[in-house]
Amino acid sequence: VQLQASGGGLAQPGGSLRLSCAASVASLDHYTISWFRQAPGKEREGVSCIRGNDGYTNYADSVKGRFTISRENAKNTVYLQLNSLKSEDTALYYCATAPGYYSGSYCLLGTLFDSWGQGTQVTVSS
């Protein structure tokens with residue numbers, strides 16, 4: 001699976017961005033798709049996930065209520081809407097896929113994912 005992430009950029013605190021992840025698959029139905037992020041000097045963090053078959057979603061506590069993940073199966077694309085951005089959201093954001101269906105904390109574990117996009121930088125600064 002090849003993944004192309006886009007949509008990052010510079011935003012002010014309180015601002016918004018929308019990230020996109022386009023997957024080179026016949027269908028998202030058979031995958032769990034997640035977003036991860038890594039800030040300089042910090043460990044990679046699972047941000048959000050969505051299951052391609054039923055739309056189940058999960059979020060890290062740090063982004064719950066501010067970020068929204070969604071999918072557009074017809075375009076094999078997953079989106080991450082970032083609202084109410086904070087400086088601590090600054091990181092390189094990656095999308096990744098895992099075959100099968102994961103939930104809870106499992107869908108935010110990077111070790112389960114075998115295909116990764118190249119990352120898109122999100123910088124939150126005034």
Side-chain angles (χ1 to χ4, degrees):
V1 178
Q2 291 187 325
L3 301 170
Q4 181 71 40
S6 61
L10 176 64
Q12 292 187 338
S16 299
L17 288 170
R18 189 176 82 155
L19 308 183
S20 299
C21 176
S24 64
V25 294
S27 173
L28 288 176
D29 288 354
H30 309 297
Y31 295 89
T32 297
I33 306 95
S34 295
W35 286 94
F36 297 85
R37 66 186 182 185
Q38 189 164 20
K42 294 188 176 181
E43 292 187 355
R44 184 178 61 198
E45 176 189 19
V47 175
S48 182
C49 69
I50 188 166
R51 292 198 304 224
N53 62 329
D54 63 2
Y56 166 91
T57 60
N58 192 29
Y59 298 89
D61 288 343
S62 57
V63 305
K64 210 168 282 185
R66 300 189 298 121
F67 291 7
T68 303
I69 193 169
S70 61
R71 75 197 196 284
E72 188 171 359
N73 283 28
K75 294 186 177 181
N76 291 334
T77 299
V78 170
Y79 304 99
L80 187 67
Q81 178 69 39
L82 287 60
N83 294 332
S84 302
L85 283 163
K86 304 176 181 179
S87 58
E88 52 262 45
D89 295 319
T90 295
L92 190 60
Y93 284 70
Y94 299 90
C95 57
T97 59
Y101 311 117
Y102 297 97
S103 60
S105 59
Y106 289 101
C107 74
L108 300 179
L109 282 177
T111 52
L112 295 177
F113 291 78
D114 57 5
S115 296
W116 292 79
Q118 85 287 4
T120 185
Q121 178 67 37
V122 171
T123 302
V124 183
S125 175
S126 56

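No hydrogens, no waters, no symmetry mates; every other heavy atom, side chains included, goes into these values. Here the structure is a predicted model, which means the values were calculated and not measured.
At distances below 3.5 Å, not a single donor-acceptor pair connects side-chain atoms of R51 with backbone N or O atoms of Y56. No side-chain donor-acceptor contact under 3.5 Å links N58 to the backbone of L108. At distances below 3.5 Å, not a single donor-acceptor pair connects side-chain atoms of S34 with backbone N or O atoms of A96. The backbone N or O of K75 sits less than 3.5 Å from a side-chain atom of T77, completing a donor-acceptor pair. Between the T120 side chain and the G8 main chain, a donor and an acceptor come within less than 3.5 Å of each other.
Each side chain to side chain donor-acceptor pair (under 3.5 Å) pair with one or both residues in residues 98-109, not counting sequence neighbours, would appear here, but there are none. Every pair passing side chain to side chain donor-acceptor pair (under 3.5 Å) that includes a residue from residues 10-27 is listed here, sequence neighbours excluded: S16-N83, S27-D29.
Under the side-chain hydrogen bond (donor to acceptor under 3.5 Å, both in side chains) criterion, E72 pairs with Y79, sequence neighbours left out. Residues that satisfy the salt bridge (Lys or Arg N to Asp or Glu O under 4.0 Å) test with R66, not counting sequence neighbours, are D89. D61 pairs by the side-chain hydrogen bond (donor to acceptor under 3.5 Å, both in side chains) definition with K64, not counting sequence neighbours.
Scanning both residues, T32 and C107, for their nearest heavy atoms gives CG2-CB, 4.0 Å. Between A39 and A91 the shortest heavy-atom distance is N-CB, 3.8 Å. Here the shortest heavy-atom pairing between R37 and S62 reads NH2-OG, 3.5 Å. Considering every non-hydrogen atom in both C95 and A5, the closest pair reads SG-CB, 4.1 Å. Nearest heavy-atom pair, G55 versus R71, reported as atom, atom and distance to 0.1 Å: CA-NH1, 3.2 Å.
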>> side chain to side chain contact (heavy atoms under 4.5 Å, CB included) for Q4 and Q118? Distances and angles first, verdict last.
In response: CA-CA 7 Å; Q4 181 71 40; Q118 85 287 4; 3.1 Å; yes
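Note that CZ of R44 and OG1 of T111 are 7.5 Å apart. Values are rounded to the nearest 0.5 Å.
Under a 4.5 Å side-chain heavy-atom cut-off, the cluster of Ile, Leu, Val, Met, Phe, Trp and Tyr residues that includes I50 is completed by V1, L3, L17, L19, V25, L28, Y31, I33, W35, V47, Y59, V63, F67, I69, V78, L80, L82, L85, Y93, V122, V124.
Hydrophobic clustering (side-chain heavy atoms under 4.5 Å, transitive across Ile, Leu, Val, Met, Phe, Trp, Tyr) groups Y94 together with L112.
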